A.B. asks: 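Sending over a structure as structure tokens; questions will come in a sec.
Basis for what follows: all heavy atoms, side chains included, without hydrogens, waters or symmetry-related copies. Small disclaimer: the values here were computed from a predicted structure and weren't measured.
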Amino acid sequence: MKKILLIEDEKNLSRFIELELKHEGYQVKVSYDGREGLQFALEDEWDVILLDLMLPSLNGLEVCRRVRQEKETPIIMITARDSVMDRVSGLDHGADDYIIKPFAIEELLARLRAIVRRIESHETHSNMTSYHYRDLNVEKESRMVKKKDQVIDVTKREYDLLLTLLENKNIVMTREALLNKVWGYETEVETNVVDVYIRYLRNKIDDPGEESYIQTVRGTGYVMRE
């Protein structure tokens with residue numbers, strides 16, 4: 001269940017938003033005061049903070065600024081001011097989004113869903129196993145190979161071969177070991193097929209005139225060495 005901190009001094013509006021959010025399955029805590037809201041924001045972990053601009057004790061911009069000094073919690077600023085400068089000021093103080101009063105609750109819910117999707121996408125991406133070598137990046141779960149943020153199209157064998165070398169970085173892998181790991185122990189393929197696929201990979205990832213990403217160890221095999 002996603003946790004929302006609502007800092008809004010208009011009690012009727014706060015109550016309405018709280019009920020709607022709870023109806024949508026969110027866990028909600030409400031504060032009507034800027035200083036108290038800041039304390040709540042810093043003392044606990046929240047998925048999103050809904051923050052009014054005009055608050056007693058401490059205005060929303062200052063609350064936002066102080067939260068940003070310590071946390072990356074997404075903040076949606078709620079404001080009755082719709083001038084460009086007010087919106088820019090909120091974003092410059094660290095808000096991720098803003099919504100202008102009066103607003104339809106459907107719009108607020110849509111903005112919350114968008115932020116939650118972004119958080120979940122980031123968490124999924126963060127949990128992925130990635131291998132980095134020079135300017136190559138290989139994401140294991142998505143089987144994606146990138147070079148300088150450019151996706152490189154590789155076949156399944158090429159990908160498995162590259163991943164095996166990366167997982168054994170600085171270890172010289174014999175042709176037999178690569179053949180067993182990539183093609184399987186039961187394969188009847190000759191070991192020279194490894195050389196063929198190394199050449200395919202080099203054609204896709206190497207830069208002309210530059211040292212190859214995959215180094216040949218004469219008489220033994222291959223290695224990706226830091």
Side-chain angles (χ1 to χ4, degrees), residues 1-3 25-27 42 44-49 67-75 94 96-97 112-226:
M1 182 181 293
K2 299 298 181 183
K3 291 175 61 180
Y26 295 101
Q27 181 180 336
L42 298 180
D44 205 347
E45 296 301 319
W46 307 95
D47 291 291
V48 182
I49 298 173
V67 170
R68 273 294 163 265
Q69 288 177 340
E70 300 189 32
K71 295 190 172 188
E72 294 299 320
T73 311
I75 297 172
D96 296 85
D97 200 357
L112 270 174
R113 287 193 296 270
I115 284 183
V116 168
R117 281 197 303 271
R118 192 166 73 233
I119 294 169
E120 291 174 344
S121 174
H122 176 72
E123 288 174 349
T124 300
H125 184 75
S126 297
N127 290 333
M128 285 185 176
T129 304
S130 295
Y131 294 92
H132 305 277
Y133 178 72
R134 286 158 58 177
D135 56 2
L136 278 182
N137 183 46
V138 175
E139 296 175 0
K140 187 172 182 178
E141 284 76 9
S142 64
R143 302 180 69 84
M144 184 176 292
V145 179
K146 290 183 179 180
K147 180 178 179 180
K148 299 176 183 177
D149 294 325
Q150 184 75 31
V151 176
I152 297 175
D153 185 25
V154 294
T155 66
K156 181 182 183 302
R157 294 289 190 204
E158 291 166 354
Y159 171 83
D160 290 342
L161 182 57
L162 179 60
L163 182 65
T164 300
L165 289 165
L166 283 170
E167 288 180 330
N168 294 276
K169 198 183 301 179
N170 297 318
I171 299 173
V172 177
M173 302 290 291
T174 65
R175 289 172 176 82
E176 291 78 10
L178 289 170
L179 195 65
N180 288 335
K181 284 183 174 292
V182 176
W183 280 265
Y185 286 97
E186 302 301 322
T187 183
E188 297 180 1
V189 176
E190 298 293 329
T191 55
N192 64 359
V193 78
V194 174
D195 301 323
V196 173
Y197 275 82
I198 290 289
R199 186 167 68 249
Y200 290 161
L201 265 178
R202 283 173 170 166
N203 287 338
K204 291 183 177 182
I205 65 177
D206 284 356
D207 293 310
E210 299 291 329
E211 181 185 32
S212 176
Y213 288 82
I214 303 169
Q215 298 175 32
T216 302
V217 180
R218 191 176 298 278
T220 305
Y222 299 96
V223 62
M224 296 184 79
R225 186 174 284 141
E226 292 285 12

A.B. asks: Hey, mind stepping through Lys2 and Val48 against side-chain contact (heavy atoms from CB on, under 4.5 Å) and telling me if it holds?
C.D. replies: CA-CA 8 Å; Lys2 299 298 181 183; Val48 182; over 6 Å; no

A.B. asks: Is there side-chain contact between Asp47 and Ile115, with at least one heavy-atom pair below 4.5 Å?
C.D. replies: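 Sidechains of Ile115 and Asp47: no contact.
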
A.B. asks: Do Asp195 and Arg175 come within less than 4.5 Å of each other through their side chains, counting heavy atoms only?
C.D. replies: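 With C-beta onward as the side chain, the pair touches.
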
A.B. asks: Find out whether Arg225 and Val172 are in side-chain contact, i.e. whether some heavy atom of one side chain is under 4.5 Å from a heavy atom of the other.
C.D. replies: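 A side-chain contact under 4.5 Å exists here.
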
A.B. asks: CG/Leu166 to OH/Tyr159 distance, rounded to the nearest 0.5 angstrom?
C.D. replies: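 Spacing of CG (Leu166) from OH (Tyr159) equals 9.0 Å.
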
A.B. asks: Given Val194, which partner from the list Val182, Thr174, Leu179 fulfils the side-chain contact (heavy atoms from CB on, under 4.5 Å) test?
C.D. replies: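 Option passing the side-chain contact (heavy atoms from CB on, under 4.5 Å) with Val194: Leu179.
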
A.B. asks: Determine whether Thr216 and Arg202 make a side-chain contact, defined as any pair of heavy atoms from C-beta on separated by less than 4.5 Å.
C.D. replies: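 Side chain of Thr216 against side chain of Arg202, heavy atoms only: contact under 4.5 Å found.
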
A.B. asks: So how far is it from Tyr26 OH to Leu112 CG, rounded to the nearest 0.5 Å?
C.D. replies: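 One gets 4.5 Å once the value is rounded to the nearest 0.5 Å.
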
A.B. asks: Counting only heavy atoms not in Gln150, do more than 12 fall under 6.0 Å of its CD?
C.D. replies: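 Atom CD in Gln150 is not crowded, with 12 or fewer foreign heavy atoms closer than 6.0 Å.
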
A.B. asks: Could you report the tightest heavy-atom contact between Lys147 and Asp206, atom names first, then the distance?
C.D. replies: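 Lys147 and Asp206 have their closest heavy atoms at NZ-C, 3.9 Å.
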
A.B. asks: Nearest 0.5 Å, please: how far is OG1 in Thr73 from CG in Leu42?
C.D. replies: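 That separation rounds to 8.5 Å.
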
A.B. asks: Please determine whether the number of non-hydrogen atoms from other residues, nucleotides or ligands lying under 6.0 Å from atom CG of Asn203 exceeds 12.
C.D. replies: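 More than 12 heavy atoms, drawn from other residues, nucleotides or ligands, come within 6.0 Å of this atom.
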
A.B. asks: Looking only at heavy atoms, which two atoms of Leu178 and Leu161 are closest? And how far apart?
C.D. replies: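 Smallest interatomic distance, heavy atoms only, reads CD2-CD1, 3.9 Å.
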
A.B. asks: Please list all pairs passing the ring pair (Phe, Tyr, Trp, His ring centres under 6.0 Å) test where one or both residues lie in residues 191-226, with sequence neighbours left out.
C.D. replies: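 Passing the test, one end in residues 191-226: Trp183-Tyr197, Tyr197-Tyr200.
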
A.B. asks: Answer yes or no: is there a side-chain heavy-atom contact under 4.5 Å between Lys3 and Asp44?
C.D. replies: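 In short, these two side chains touch, coming nearer than 4.5 Å.
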
A.B. asks: Between Lys169 (side chain) and His132 (backbone), is there a donor-acceptor pair under 3.5 Å?
C.D. replies: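 Yes; at least one donor-acceptor contact below 3.5 Å.
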
A.B. asks: Could you tell me which non-hydrogen atom of Leu201 sits nearest to which non-hydrogen atom of Ile214, and how far apart they are?
C.D. replies: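 Nearest heavy atoms, Leu201 then Ile214: CD1-CD1, 4.0 Å.
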
A.B. asks: Please enumerate all residues that pass side-chain contact (heavy atoms from CB on, under 4.5 Å) together with Glu167, with sequence neighbours excluded.
C.D. replies: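 Only Tyr131, Lys140, Leu163 meet the side-chain contact (heavy atoms from CB on, under 4.5 Å) criterion with Glu167.
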
A.B. asks: With a 4.5 Å heavy-atom cut-off, do Leu162 and Val138 have their side chains touching?
C.D. replies: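 Touching, per the 4.5 Å side-chain cut-off.
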
A.B. asks: Minimum heavy-atom separation for Ser130 to Glu139, with atom names?
C.D. replies: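 Closest pair (atom of Ser130, atom of Glu139, distance): OG-CG, 3.8 Å.
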
A.B. asks: Asp153 and Lys204: which non-hydrogen atoms are nearest, and at how many Å?
C.D. replies: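 For Asp153 versus Lys204, the nearest heavy atoms are O-NZ, 3.0 Å.
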
A.B. asks: Return the set of residues passing salt bridge (Lys or Arg N to Asp or Glu O under 4.0 Å) with Glu45 (not counting sequence neighbours), or none when no residue passes.
C.D. replies: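 Residues passing salt bridge (Lys or Arg N to Asp or Glu O under 4.0 Å) with Glu45: Lys71.
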
A.B. asks: Rounded at 0.5 Å granularity, tell me how far CE in Met173 sits from CG in Asn168.
C.D. replies: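 Here the rounded value is 4.0 Å.
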
A.B. asks: Enter the distance from Met224:CE to Ile205:CD1 here, rounded to the nearest 0.5 Å.
C.D. replies: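 The distance works out to 5.0 Å.
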
